[in-house]
Amino acid sequence: MDKFILIDGNSIIYRAFFAMPPLTNSKGLHTNAVYGFTTMLLRLLEEHKPTHVMVAFDAGKVTFRHEGYQEYKGGREKTPPELSEQFPLLKELLRGFGIAQFELEGFEADDIIGTLTKRADEAGRQVLVVSGDKDMLQLASDHVHIGLTRKGVTDIELYDPAQIKERYGLTPLQIIDLKGLMGDTSDNIPGIPGVGEKTALKLLHQFGTVEDVLNGTAELKGKMKEKIEAHAEDARMSKQLATIHREVPLEQTWEDMQFAGLQEETAGPALAKLEFKSLLERLNFSGKVDAVEAVPAAEVKSTIATEETIEDLFASLETIDVIHVETHGDNPHQAELVGIALGSSEEYIFLSPELLQSKAASSVRAWLANSDEPKRGYDLHRVDLALHAHGIEFAGAAFDVQLAAYLLDPTESNQTISGLTAKYGLPSLVEDDTVMGKGAKYKVPEVEVLGDFLCRKAAAVAAIIPLQEKALESDEMNSLFHELEMPLSRILADMEKQGIKANTADLQALGHEFEEQIGRLMSEIYRLSGTEFNLNSPKQLGEILFDRLGLPVVKKTKTGYSTDAEVLEKLAPYHEVVQHILQYRQLAKLQSTYVEGLLKEISPRDGKVHTYYRQTIAATGRLSSQFPNLQNIPIRMEEGRKIRKVFVPSEPGWTILAADYSQIELRVLAHISDDERLKEAFVNDMDIHTKTASDVFGVKAEEVDSDMRRSAKAVNFGIVYGISDYGLSQNLNITRKEAAQFIDQYFEVFQGVRRYMDDIVREARKDGYVKTLLERRRYLPEINASNFNIRSFAERTAMNTPIQGTAADIIKLAMVQMDEALRERNLNSRMLLQVHDELVFEVPADELETMKELVPAVMEKALELSVPLKAEVSYGENWYEAK
DNA sequence: CGATTCACG
DNA sequence: ACGTACGTGAATCGA
């Protein structure tokens with residue numbers, strides 16, 4: 001016999017949300033309510049083995065109930081965004097489960113269920129209704145049983161008419177009268193004030209219905225009588241509101257609810273996507289996305305090559321397009337090679353580093369170096385550098401799984417191969433740590449284990465690729481990936497291998513200068529504070545300044561007194577020592593990070609520093625630089641700027657040439673906001689801060705003084721960062737109110753910018769992500785957070801990311817085009833560094849004139865915007881001179 | 001290993 | 001009322 005289960009979706013997900021502790025997936029999406037719902041659902045399916053299941057949802061904001069009573073559900077708190085974002089997740093999961101979902105514009109879930117149960121009564125079908133709402137009891141009959149959640153969601157109490165009688169002494173229909181008298185605060189149904197469940201039950205036992213109670217008030221006396229007579233109309237209306245509508249125009253039929261049991265192929269991926277690992281296990285589902293495409297780990301064929309077998313093995317592989325090179329060590333220029341696996345789909349061979357270096361593997365090395373042999377793998381940029389460091393050339397990177405993962409979600413922190421197999425529901429991979437250990441315990445296992453492990457990694461990469469290709473296609477990032485990031489990855493590797501020459505002797509000399517000054521400052525500070533202590537310890541410094549010297553506390557940190565530069569500036573007038581501490585801090589930073597730090601990074605082999613650009617870190621699409629960081633070499637302060645003198649050309653007679661974009665972020669903003677005033681400023685190549693000041697303060701450009709320009713500059717920065725009055729007030733040291741006025745005036749003038757800021761936040765709320773001009777995306781799961789701070793942060797990010805990210809897109813384009821231009825013209829000049837809006841080259845004397853024109857020209861036409869891009873070029877004997 | 005500070009765009 | 005400007009990496013201290 002058929003068994004039907006009808007679930008009140010809204011009611012249950014609400015219950016689940018408040019019953020479950022907070023739970024978020026790796027993307028930051030809340031999943032606790034869906035989780036609670038799912039556990040309840042699975043239990044129902046197991047216990048009742050239904051043949052038909054349906055989940056009903058409310059649809060539309062205004063229901064017919066509002067027509068008679070505007071305040072219906074009025075007092076109710078707005079659905080928390082942490083819950084709202086779970087509705088789409090639940091609906092997708094139900095699709096994966098093959099469970100019908102009904103909704104009807106203008107009606108609530110209980111009306112749909114009311115209608116279906118009436119039909120069930122008429123047709124004699126056995127139905128179970130599941131809800132968290134007691135109102136549902138009014139639907140009970142011999143055919144219709146009601147399951148109400150009890151504490152939490154998985155515990156369900158079943159009611160038939162007999163049990164309702166036992167519990168309340170009422171018939172199912174009298175449940176409506178009960179609510180008519182009591183009301184319901186959660187739905188803003190008034191009822192009769194002062195009448196709770198006890199009184200209402202007594203009245204109903206005595207009279208029967210609301211109408212009978214109202215007609216029979218003569219039999220009552222005292223306060224009770226007065227209250228009921230005064231609120232008779234409320235009671236009638238409340239009863240009406242509590243009555244479930246049982247005749248809605250529902251087109252779906254019983255057939256539409258058929259449930260054939262959970263299918264692993266669809267339910268598994270749905271659960272995997274939500275990261276409900278415990279439920280996958282409970283159901284014994286692997287959670288793989290597609291049984292056909294997935295490579296069962298057990299089927300990977302791995303062969304360990306030896307000097308004797310490598311030639312034959314290599315030749316016997318039909319196609320080789322996947323490689324996995326395992327390296328060890330953070331700095332790819334110094335990384336050890338652990339092993340290499342190559343092959344395709346399910347068949348791989350493994351080579352030890354020794355074998356790869358040996359004469360026997362020369363054809364493998366030739367294949368690696370051949371750019372016409374496309375290679376797909378994980379973090380090929382690192383592979384390229386690590387192999388290069390061991391004298392093995394690498395070319396032909398065609399698909400980098402890490403880079404694709406970064407584009408698909410640049411904030412994903414676990415972009416490892418095993419993280420990706422989990423994300424895509426592929427057969428799981430043993431963690432690196434498990435096989436090799438980590439930190440001091442790191443140990444390469446014996447070759448059989450290692451070879452098998454690396455071949456499995458390669459097979460996992462092969463399985464991930466088609467899924468990423470699909471995702472890149474649907475997110476419209478094919479061109480960004482294949483035409484920008486992949487080519488750039490090779491260019492970065494070239495720049496890093498090339499390196500930039502650093503003059504060790506000059507750097508050491510500078511270090512001696514700093515050393516001397518630091519020594520003087522230290523003794524002076526100790527003398528003035530009357531004691532010796534560890535100046536590098538903010539904790540000890542705080543004790544000296546605030547406890548011993550009694551200076552006023554300006555700001556505190558989580559752990560104690562704050563002693564940062566901003567605080568010290570404010571303390572300077574109180575005590576002579578503070579100025580010295582500021583100077584000490586500055587020099588100590590230069591000494592430890594830029595002199596000592598840089599000296600450690602100069603390669604003894606070629607006297608150069610080889611940084612490593614990370615292409616998959618910054619959430620906005622920027623690069624970052626490590627070992628050493630060459631994107632934060634001092635420039636703002638003269639003492640620090642001297643560090644730049646040690647960066648020199650690597651060939652005698654050559655020149656360092658640098659070109660930087662002028663105001664690229666504000667130009668990007670002018671383009672994407674389409675603000676007429678801002679565009680006009682750039683079309684006419686005006687000084688943007690002066691222009692902003694003159695517009696905002698309403699004075700002529702000539703009348704803008706340095707203070708006004710400074711304020712305007714701060715506002716422009718604020719705009720790019722996603723402005724807030726608080727941030728601006730901090731920066732300009734003015735009150736929040738004044739800052740707010742500034743911002744208002746700015747938006748009054750630059751109305752297109754205001755519109756952009758409003759639109760982009762709205763877009764982020766709607767889509768859950770923002771995009772750059774080249775379709776790079778960044779998800780902002782916190783854009784709907786209820787916490788003000790968290791939400792505000794996401795809103796500023798929504799405003800800033802398209803600007804910073806598009807600027808990053810543009811300079812990356814310029815780098816790819818610059819690389820082509822150098823090749824086309826057979827130039828020997830080399831691109832060495834990128835510093836977000838600046839490119840640094842070394843240029844032979846006979847190419848200087850060409851490069852002075854070429855570099856800015858390429859940068860300026862990298863991407864056409866509605867305003868011109870401007871690049872300014874300079875050159876000299878070292879990086880300091882190229883200013 | 002987290003917190004603090006500070007260098008850059 | 002809420003209390004942060006956006007994006008990074010490196011050095012140092014101290015639990």
Side-chain angles (χ1 to χ4, degrees), chain A residues 330 410-411 439 533-542 555-568 581-582 584-598 600-601 611-614 617-637 639-641 643-644 660-666 669 714-732 736 739 743 770 778 785-805 807-808 811 833-839:
Chain A
D330 288 334
T411 54
F533 59 99
N534 186 347
L535 249 177
N536 293 324
S537 162
K539 186 164 175 258
Q540 293 183 35
L541 178 62
K555 191 167 71 174
K556 296 201 111 190
T557 66
K558 264 184 237 166
T559 52
Y561 306 119
S562 171
T563 66
D564 65 20
E566 194 193 318
V567 169
L568 295 182
I581 293 170
L582 279 164
Y584 169 85
R585 279 259 176 95
Q586 198 185 104
L587 287 164
K589 175 90 178 179
L590 294 176
Q591 184 74 317
S592 68
T593 305
Y594 297 103
V595 176
E596 290 164 3
L598 214 47
K600 279 184 228 155
E601 297 290 347
T611 189
Y612 170 55
Y613 287 106
R614 294 211 285 176
I617 288 297
T620 53
R622 276 189 174 185
L623 300 176
S624 85
S625 156
Q626 258 186 331
F627 316 128
N629 182 353
L630 291 183
Q631 291 183 319
N632 70 347
I633 301 301
I635 189 167
R636 294 173 189 169
M637 295 298 205
E639 294 93 314
R641 194 171 191 157
I643 299 281
R644 294 184 172 229
D660 67 298
Y661 279 113
S662 161
Q663 303 297 351
I664 188 166
E665 293 190 336
L666 287 172
L669 174 62
V715 174
N716 279 330
F717 266 95
I719 293 291
V720 169
Y721 292 156
I723 197 122
S724 76
D725 48 11
Y726 185 82
L728 184 64
S729 74
Q730 290 291 299
N731 194 286
L732 281 178
R736 225 181 66 204
I743 295 167
V770 291
R778 176 174 182 178
S786 54
N787 181 304
F788 173 88
N789 277 322
I790 294 174
R791 187 177 64 247
S792 303
F793 193 5
E795 287 170 359
R796 290 195 299 275
T797 310
M799 300 184 228
N800 169 266
T801 295
I803 303 173
Q804 191 182 119
I811 194 163
L833 303 176
Q834 188 251 43
V835 193
H836 308 309
D837 65 353
E838 176 186 15
L839 294 176

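To find a chain, count down the sequence lines: A is the first, B the second, and so on, and within it residues start at 1. In what follows, every heavy atom counts, from backbone to side chain, and hydrogens, waters and symmetry copies are set aside. Values in this document were obtained by computation on a predicted structure and should not be read as measured data.
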Would you indicate what N536(A) reaches in the nucleic acid, counting non-hydrogen atoms under 4.0 angstrom: base, sugar-phosphate, or nothing?
sugar-phosphate

May I ask you to evaluate whether T559(A) reaches the phosphate of dT4(B), defined as a side-chain N or O under 4.0 Å from OP1 or OP2?
yes

OP1 or OP2 of dC8(B) versus the side-chain N and O atoms of R641(A): is any pair under 4.0 Å?
no

Pair assignment for dA1(C), Watson-Crick or G-U wobble, requiring both distances under 3.5 Å:
none

Would you say dG14(C) has OP1 or OP2 under 4.0 Å from some side-chain N or O of Q540(A)?
yes

When you measure from the side-chain N and O atoms of R796(A) to the phosphate of dT4(C), is any distance below 4.0 Å, counting only OP1 and OP2?
no

When rounded to the nearest Å, what value does the distance between P atoms of dC2(C) and dC6(B) take?
28 Å

Ranking D725(A) and T801(A) by the position along DNA chain C of their nearest nucleotide, the one closer to 5' is D725(A)

Not counting sequence neighbours, which residues clear ring pair (Phe, Tyr, Trp, His ring centres under 6.0 Å) with F788(A)? List them please.
none

F717(A), CZ atom: more than 12 neighbouring heavy atoms under 6.0 Å
no

Give Y726(A) one of three labels, base, sugar-phosphate or nothing, depending on what nucleic acid heavy atoms sit under 4.0 Å from its own.
base

Touch check for A714(A), heavy atoms < 4.0 angstrom, all strands: base, sugar-phosphate only, or nothing?
base

To the nearest 0.5 Å, what is the distance between CD on Q631(A) and OG1 on T611(A)?
7.5 Å

Would you measure the distance from the P atom in dA3(B) across to the matching atom in dT4(C) and give it in whole Å?
15 Å

Once you apply a heavy-atom cut-off of 4.0 Å, does E838(A) come out as touching a base, just sugar-phosphate, or nothing?
nothing

Using a 4.0 Å heavy-atom cut-off, does N632(A) contact any base of the nucleic acid, only the sugar-phosphate backbone, or nothing at all?
base

Look at the side-chain N and O atoms of S537(A) and state whether any lies under 4.0 Å from the OP1 or OP2 oxygen of dG14(C).
yes

May I ask you to verify if any side-chain N or O of K539(A) is less than 4.0 angstrom from the OP1 or OP2 atom of dC13(C)?
no

Touch class at under 4.0 angstrom, heavy-atom based, for I803(A) against every strand present:
nothing

What nucleic acid atoms does A588(A) come within less than 4.0 Å of, heavy atoms only: base, sugar-phosphate, or nothing?
nothing

For dG3(C) and S724(A) - does any side-chain N or O of the residue sit under 4.0 Å from the phosphate oxygens OP1/OP2?
no

What does G597(A) touch in the nucleic acid at a heavy-atom separation under 4.0 angstrom: a base, only the sugar-phosphate, or nothing?
sugar-phosphate

C1' gap between dA7(B) and dG3(C), integer Å
26 Å

Can you see if the side chain of R614(A) gets near the phosphate of dG9(C) - specifically, an N or O under 4.0 Å from OP1 or OP2?
yes

OP1 or OP2 of dA3(B) less than 4.0 angstrom from a side-chain nitrogen or oxygen of T557(A), does that happen here?
no

Of E596(A) and L623(A), the one whose nearest nucleotide on DNA chain C sits closer to the 5' end is L623(A)

Within the structure, does a side-chain N or O atom of N787(A) lie under 4.0 Å from either OP1 or OP2 of dC2(C)?
no

Can you tell me if the side-chain N/O atoms of R636(A) get under 4.0 Å from OP1 or OP2 in dA7(B)?
no

Quick one, V715(A) and L728(A) - any side-chain contact, counting heavy atoms below 4.5 Å?
yes

For residues Y561(A) and K556(A), determine if any side-chain heavy atom of one lies less than 4.5 Å from a side-chain heavy atom of the other.
yes

Identify whether any heavy atom of A807(A) sits under 4.0 Å from a base atom; if not, whether one sits that close to sugar-phosphate; answer base, sugar-phosphate or nothing.
nothing

